[in-house]
Every structure is written in C-alpha cells, then in structure tokens.
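The figures here come from the full heavy-atom set of this structure, side chains too, leaving out hydrogens, waters and symmetry mates.
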Amino acid sequence: EDVAGVASTPPAAEEAAKRRRTSGNESGDDVCSSSSSSDAGAHACPRTTTAMRVPFCMEALTAELADLRADPPHYVRGIGELVRPSAVCDGEGKLQSTADSDEEGPYDLEVLVCGQEGDDAYGRPWRVVLRFDVDLWPSKLALVRFQGVFHHALTDESNGMLTPFYRNLPKTDQGLCTVRLMLQAVHTFLVDPLKAWGIPEEKAPARLTNSLGVHRKMNRDRLATIDKYSTKVRHPVLFETPRRWRPEWLDPGFLKAVEENTPESWRSILTEHLEGEVFSFKLVTPAFCDMLVEEIFNFYESGLPARRPNSMNAYGIILNEIGLEPLIDELQRMLQPLGELLFWGPGSAWDGHHCFIVRYRAGEDLGLDMHTDDSDVTFNLCLGLDFTGAGLQFCGLMGAPNHRKHTMTYSHVKGSCVCHLGRKRHGADDIASGERLNLILWNHSSGYRQSDDYIKPAYHTEEGRPDAVCVSYTHDRDFGNFKPYPKGKEHFRGRGWCPRRDFEYKGFEPDGDEEPSGDEGCPC
C-alpha cells in the first residue's frame, strides 16, 4: 500500500492518456489563450471554482517561460528548454515514438528548485521535470517528477508526485495552472510536504510522519557524505561542474560514434555476441579506468559511510551517493542513442539511473548468483584490475521458454562495456585470482515502465530442465536438484519463486518441502 493509501498516477493524467488529441483544441476556439503568469489571485483549487477550458498553446507557454526567466522566484536556480521526449506511453499501454506522431506534445521542462534555505535535507537545488501534456495544460496540471537521486516518502518509485499533490495545486482565479504556480507548489512540497498535500500537521498519521522522517534522514545523510568527500577527492576533474567527459577519457571509436550519432557509426563499434540481445564495445581508455579505480579506492580509504548497491553486492559502492551523479548523467546522455538503436522501448527516453561499482576478490564477494536486474537496459564496464576467471554467464530472457538455458559466456576486457536488457538472466562466475572492479549502469525509463510490455510481460512455460549454470539459489525453487547450496546460503531452500507455478517444465520437482504460496518474490 502506498503511503496514506494514495494512487501514484493523477486521475487527470490517466484520462489524458486515454484520449490523445487528434484535432485542434477542445473548446473549438482557434485563438491561443494564455493563462496568467502572475501569482496574484492564486488559490489551492477550491471546489467552488470551475476551471476554464483553455486549450494548450505553445505560444502562451513560451511567453510564460520568458516571463519566468526574466523574474524567477528566489527558489528557482535554473530553467531549461522545452524538449519533446522521444517516446510516451499511450492510453492503450503501448509505448509510442513521438517522432512518428503527428500529435502535439508532450513537452518536458527541467528546472532547478530549492527548498527552504539552510535545510540540510531538501534546501539545495533539485532537478525537477515538468511535463506539459496538451490535454492537461493549462486547465488541469503539469506532471511533476524529480530527476536523479531523491529520497522522499511522498513520491512514487520514479520520483513522481502522487495524487494529493495535484489535488492541492494553487491556481489562478480562473482555475488555471501557470508554470510559476507549479514551481511554487514544488517549493512548498520541499519545505512542508504536509501543507502541499493539504494535511494539517496535527492530523497527519504517525506512519506518515515517521516515513517522512526516515526519508529526510536518508537525503540528509547522502548529502552529508557527498559534502565530506568533496574535501577528500583524489581526482577533482571527475567532480567538476559543468559535467563533462574529456575526449581523452573515451575510446576513439566511441567518441566518433557519439559525435557522428548515426546508426552506422554506432554499429561500427559493436560486437554482437547474441543476436539482438548482448553487445559489447570499447567505451573508455585504460588510463580512465585507472583514474576511476584510484578514486574508488580513495573513497574506501576515507572511512565515510557507503550504502551498498543492492542485496547481492556486499562490497560495492553507489557512485550517485558519493558525488559522481552528474558525471554519470552525462554518460547516460551519451549512451541514450545506442540504447534506442539496440533496444527501442526499454532503451528509450531514459530519465533515471542507478550506477554502482561491484568488486570481486578473495575474502569478499567472489561471484554473483544468477539474477535479472532492476534495470531496463544495463551497461557493464570493466575497470580492471588483474584477474582470472569471473566470466559473465548469460541465460534467457525473463519469462521466455529458455529463461534458464545457457546462451553465452562473456569475458570481461578492461575498458570495454557489455550491454543487455535488464530482464536477461545472468550471473558472474567466481573469480579465480586477482581482483575485478566493474561499473554497472542501470538505466530506467519511466515512460517504458508505464507500458504493458513492462507491467504485463509475457511469461511462457519452460522448454525443459534448466542448465545447471543458469540456476539461482536466491530465486529458484529447484536449485538443489542441480547444485548443492553454497555454504551459508542453505536458508534459501524452499523460498524461491522460479519457475512460476503452472509454467514449470515437464517433470519439475521442487527441492524443498516448504515453498511460499503464489509467486512471492517474482520480479515478473
């Protein structure tokens, strides 16, 4: 259940998605009509006010933004340009390319918005994206989502605002939204989220206030670590503003592909290991690998707290948590055309990421159990060091008949990157000697994650007994039939979910007497 039992998608947004505009404006008026950009007469949507039916007008929106840039409120630190996302999810649950559409919009605007000055959790500038849908703006709302790492109890898993925020938006006396008032609402949310939701503090449930406090601490602790490490960094060039990747860091072939940005230039650098599913390419120079590894070990030596990447990597660190998020933002921007070329849909319109380092060596993590990623498209860059073993084993796609059939083995090469869909089952062999560090970039697309392809993926009966290399002690109901449980992992017996019930291969037998009912833990 969501906090306070609220839905994550504003009803108005669902309505708009189901009736994308196919002709001019709804009111039949052929003239652009601008809503006021002034805060005068603003109110929080009293039920007695009937909003005007004002059609979307690019000229009016552009005029609002010009006014805002000329006289921004003190809590707005930067205003981007209107851009059209490359893909959006329609009302039928299908992801559609905006390049192939004759319809207008939607348009995204990135703005830097601060909370209260001096607040060590939310007082800094936050990247906020406003989405202007032609069926919603300016009569109803602009969709709001925080970009990047942002811990808050009252946003959804994609950092989007929840329904109560939209119900309490300030509007003009005509019942219309303005960009200035939308940003005022975001600022209020950062300063006093209960007020932004229209909840009196004395009436807020304890569960809600406790959750707000937990997330505030997460935000505060993360920012404190970044601040402290900023005085200890070994290579300041990695943290400089504005963010940029220096040409000498990049492999010449990759740099040329980025600059030319054509399908031909991108394909020229690729090695296709598994048709349509697994690719690799040279991404960075050995010198860059060495510099980043030095920075990672410098952070380890700093003694600062590090949040681990996930439950399976006990010795990695999250780069977004130590001040390198802007650098990774730029890396994702460079890789976006390749994602769309290879994996349209999951590789389209990325607007979030989780980037971390994994480390394998004797006495720590040796390898990684078979799994799929909480990622739409994954990039896995080998940084070195010297090692043997630690091959990357690939099996089938989640829900495919060959989900647990071996498909290929990839051997890591320093400076080279392997990419694949997050739902491709894979795992790392134990390292035989030495030490290996890899940079893992999980790319997320909130648009794709609204589609049926993500929400309701196909799931097929397994074609036969799994290959032993593809079974997982963490996830599989029959692991013990093919391999002994690793020492210390015996407690996973009987706790698996895969294969899903009614989709087992012929002759399937679980390896334990006690199994969870249903498909508990299934990421499908």
Selection [range] - residue pairs positive for salt bridge (charged side-chain N to carboxylate O under 4.0 Å, His left out), sequence neighbours left out:
range            : answer
residues 222-235 : Arg124-Asp227, Arg222-Glu321, Arg222-Glu325, Arg234-Glu294
residues 332-349 : Glu330-Arg333
residues 266-275 : none

List the atom pairs, with distances to 0.1 Å, where a side-chain N or O of residues 239-246 and a protein N or O form a donor-acceptor pair under 3.5 Å, not counting sequence neighbours.
{"unit_1": "Glu240", "atom_1": "OE2", "unit_2": "Arg244", "atom_2": "NE", "d": "3.0"}
{"unit_1": "Trp245", "atom_1": "NE1", "unit_2": "Leu327", "atom_2": "O", "d": "2.9"}

So does Lys195 have more than 12 non-hydrogen atoms from other groups sitting under 6.0 Å from NZ?
-> no

Answer yes or no: are there more than 12 heavy-atom neighbours, outside Lys256 itself, under 6.0 Å from its atom NZ?
->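 Check fails, neighbour count at 12 or below.
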
To the nearest 0.5 Å, tell me how far Leu381 CG sits from Phe288 CZ.
-> 7.5 Å

Nearest-0.5 Å distance, NE2 of residue His412 to CG of residue Asn438 = 4.5 Å

Run the salt bridge (Lys or Arg N to Asp or Glu O under 4.0 Å) test against [X] and tell me which residues pass, sequence neighbours left out.
X      : result
Arg131 : Asp108
Glu248 : none
Glu110 : Arg127
Glu462 : Arg404

Non-neighbouring partners of Trp266 that pass side-chain hydrogen bond (donor to acceptor under 3.5 Å, both in side chains), sequence neighbours left out =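 Scan of Trp266 (side-chain hydrogen bond (donor to acceptor under 3.5 Å, both in side chains), adjacent residues dropped) gives Asn261.
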
Can you sort out the partners of Cys114 under disulfide bond (SG atoms under 2.5 Å apart), two or more places apart, ordered by chain and number?
-> none

Among all residues two or more places apart in sequence or in another chain, which pass the disulfide bond (SG atoms under 2.5 Å apart) test with Cys395?
->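 Partners of Cys395 under the disulfide bond (SG atoms under 2.5 Å apart) test: Cys470.
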
Using 30° and 60° as the class limits, which term best fits the ring planes of Tyr410 and His273: parallel, tilted or perpendicular?
-> perpendicular

Using a strict 4.0 Å threshold on nitrogen-to-oxygen distance, state whether Arg425 and Asp476 make a salt bridge.
-> yes

Identify, with sequence neighbours excluded, every residue that meets side chain to side chain contact (heavy atoms under 4.5 Å, CB included) alongside Ala224.
-> none

Centroid-to-centroid, Tyr229 to Phe299, below 6.0 Å?
->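 Centroid separation for Tyr229 and Phe299: below 6.0 Å.
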
Could you tell me whether the side chains of His353 and Asn320 share a donor-acceptor contact shorter than 3.5 Å?
-> yes

Any chance you could lay out the salt bridge (charged side-chain N to carboxylate O under 4.0 Å, His left out) test for Asp251 and Lys414, step after step, and finish with the verdict?
-> CA-CA 12 Å; Asp251 178 83; Lys414 182 177 179 178; over 6 Å; no

